[in-house]
There are 2 protein chains.
Amino acid sequence: MTPENPRERLLEAAGEIFAEKGFKGATVRDIIDRAGVNIAAVNYYFRDKKSLYIETVKHAACGESEDAHLAWAPGTPPAEKLRDLIRFQLLKLLDPSRPAWLSRLIMRELTQPSAACAELVREYIEPRSKVLLGILRELLPPGTPRRKLYLTAFSIVGQCHFYCSHKPIIRLLLGEDEYQRLDPATLAEHITQFTLRALGA
Amino acid sequence: MTPENPRERLLEAAGEIFAEKGFKGATVRDIIDRAGVNIAAVNYYFRDKKSLYIETVKHAACGESEDAHLAWAPGTPPAEKLRDLIRFQLLKLLDPSRPAWLSRLIMRELTQPSAACAELVREYIEPRSKVLLGILRELLPPGTPRRKLYLTAFSIVGQCHFYCSHKPIIRLLLGEDEYQRLDPATLAEHITQFTLRALGA
DNA sequence: TTGCTTTTGAAACGCTTGTTTCATATAATT
DNA sequence: AATTATATGAAACAAGCGTTTCAAAAGCAA
């Protein structure tokens with residue numbers, strides 16, 4: 001499971017800890033402790049903590065991109081593609097069994113950008129935003145202005161990310177029992193229906 | 001403008017700096033520097049950094065609550081109330097002239113909750129969530145289940161908060177020019193229309 | 001083996017952090 | 001005015017931080 005390569009082990013451990021505590025909150029001793037390597041390895045394989053962080057974010061984004069190959073048969077109705085996309089995104093954001101630190105690390109980078117942010121947008125955000133915008137172009141009447149496409153995309157992604165970024169508040173508002181009943185499939189269905197009606201489909 | 005009371009000055013300065021850098025990222029020397037007081041004042045007026053943080057969040061939430069008195073004449077159509085609510089929220093989230101650190105501090109607490117979180121939800125979140133839920137009860141058919149009300153509320157708030165929490169990414173995606181054109185009024189109108197259509201109004 | 005490079009380990013170095021100390025200044029009380 | 005309580009200031013503290021050092025270990029070519 002865990003790789004032998006110290007460099008890889010550092011990236012894995014750093015991903016978990018940076019995601020959990022943020023850049024400042026995480027200490028290199030925490031990281032090398034979980035990775036099971038000597039502290040000098042940070043300086044040896046990466047130059048310093050900051051470089052380790054940037055490489056970690058890129059590593060996480062790269063690992064996330066792999067499983068994102070949503071491909072539909074030609075002729076698939078755009079509404080169905082939208083539903084798939086939303087469901088897929090929510091599953092990735094909320095499924096606790098998957099290595100959640102990937103999404104959380106990315107989410108953290110999005111809200112408190114560092115040097116890794118621009119690169120992350122280029123490698124990770126833009127490709128999948130292109131997919132969503134493509135679907136919306138099919139759903140909305142031809143000639144819809146670019147701005148409207150983006151605003152609609154933001155409305156969709158905003159709904160999805162809310163359940164991830166505001167998780168603790170939702171839990172407090174709904175109560176633990178009710179919160180447990182919010183499975184990703186239910187949420188995806190709600191957001192899809194909400195969005196499709198908003199688009200007049 | 002700035003109060004004479006060292007305690008108040010500390011709360012103001014701490015609000016700005018905690019909002020900007022988070023709890024770990026902010027240093028007490030940063031704070032006492034901006035407040036213009038001696039470092040011993042932190043220990044004197046509050047016990048330590050953590051207590052200062054909790055008091056700061058409560059202080060900020062309290063200050064925010066004051067101007068939240070959205071009162072409508074009886075008989076106002078719920079769609080109009082919704083528009084007002086969304087516009088008001090977006091203005092508070094995005095207007096750079098206002099002391100933005102209030103919202104940002106609260107946002108930060110929501111996504112990375114600490115000891116101050118539960119109290120914040122009780123004092124700050126629940127009251128205004130009640131307002132929104134009340135409007136939705138008017139908009140949606142009677143007998144709509146509680147869960148559906150909440151999901152709808154999350155869809156609305158999620159759309160609004162997205163522009164605040166993902167601001168850097170939006171800027172990168174749209175480009176600086178296009179981003180500058182996104183004034184709160186435009187966004188509020190989009191979200192309102194999007195939501196009203198989704199609700200079939 | 002020998003000699004060289006690459007990798008690891010334990011320790012220490014500065015530096016910054018939150019916190020404390022204590023002497024002094026200011027205000028309040030009698 | 002004298003005395004006590006309150007507030008401030010400058011300095012230092014101990015702990016934790018990122019980073020560096022350097023010698024020993026491991027890998028590898030000749």
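Every heavy atom of this structure was used, including side-chain atoms; hydrogens, water molecules and symmetry mates were not. By convention in this document, chain letters (A, B, ...) are assigned in the order of the sequence lines, proteins followed by strands, and residues within each chain are numbered from 1. This structure is a prediction, so every number in the text was calculated from the model and none was measured.
- In this structure, A/R147 and B/R181 have side chains that are in contact, with non-hydrogen atoms separated by less than 4.5 Å.
- Under a 3.5 Å cut-off, the side chain of B/S165 and the backbone N or O of B/H161 do form a donor-acceptor pair.
- Below 30°, between 30° and 60°, or above 60°: for A/Y163 and B/F154 the angle between ring planes is above 60°, a perpendicular geometry.
- Ring planes of B/F162 and B/H166: parallel class, angle under 30° (limits at 30 and 60°).
- Contact check, B/Y45 against D/dT8: a side-chain N or O comes under 4.0 Å of OP1 or OP2.
- In this structure, B/R29 atom CZ and D/dG9 atom P are separated by 16 Å, rounded to whole Å.
- Atom CG of A/L85 is separated from atom OG1 of A/T195 by 11.0 Å, given to the nearest 0.5 angstrom.
- Of the possible donor and acceptor atoms, one in the side chain of B/K49 sits under 3.5 Å from a partner among the backbone N and O of B/A26.
- Looking at which nucleotide of DNA chain D each of A/G25 and B/Y44 is closest to, the 5′-most match is held by B/Y44.
- Rounded to a whole Å, the CZ atom of B/F46 is 15 Å from the P atom of C/dG18.
- Contacts between residues 30-37 of chain B and DNA chain D, defined by a heavy-atom separation below 4.0 Å, involve no residue at all.
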Detail all sub-3.5 Å separations between protein N/O atoms and N/O atoms belonging to nucleotides 20-29 of chain C.
none

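- The distance from atom CG of A/L10 to atom C1' of D/dG18 is 14 Å, rounded to the nearest whole Å.
- As rounded to whole Å, 12 Å separates atom P of D/dC17 from atom CD1 of A/I17.
- At whole-Å resolution of the value, CG in A/N5 and P in C/dT7 are 10 Å apart.
- Scanning both residues, A/N38 and A/I32, for their nearest heavy atoms gives O-CG2, 4.0 Å.
- Listed for the A/R34 side chain is no donor-acceptor partner under 3.5 Å among the backbone atoms of A/D30.
- Residue-environment remark: CZ (B/R146) exceeds the threshold of 12 foreign heavy atoms within 6.0 Å.
- Spacing between atom NZ of B/K49 and atom P of D/dG16 amounts to 15 Å, rounded to whole angstrom units.
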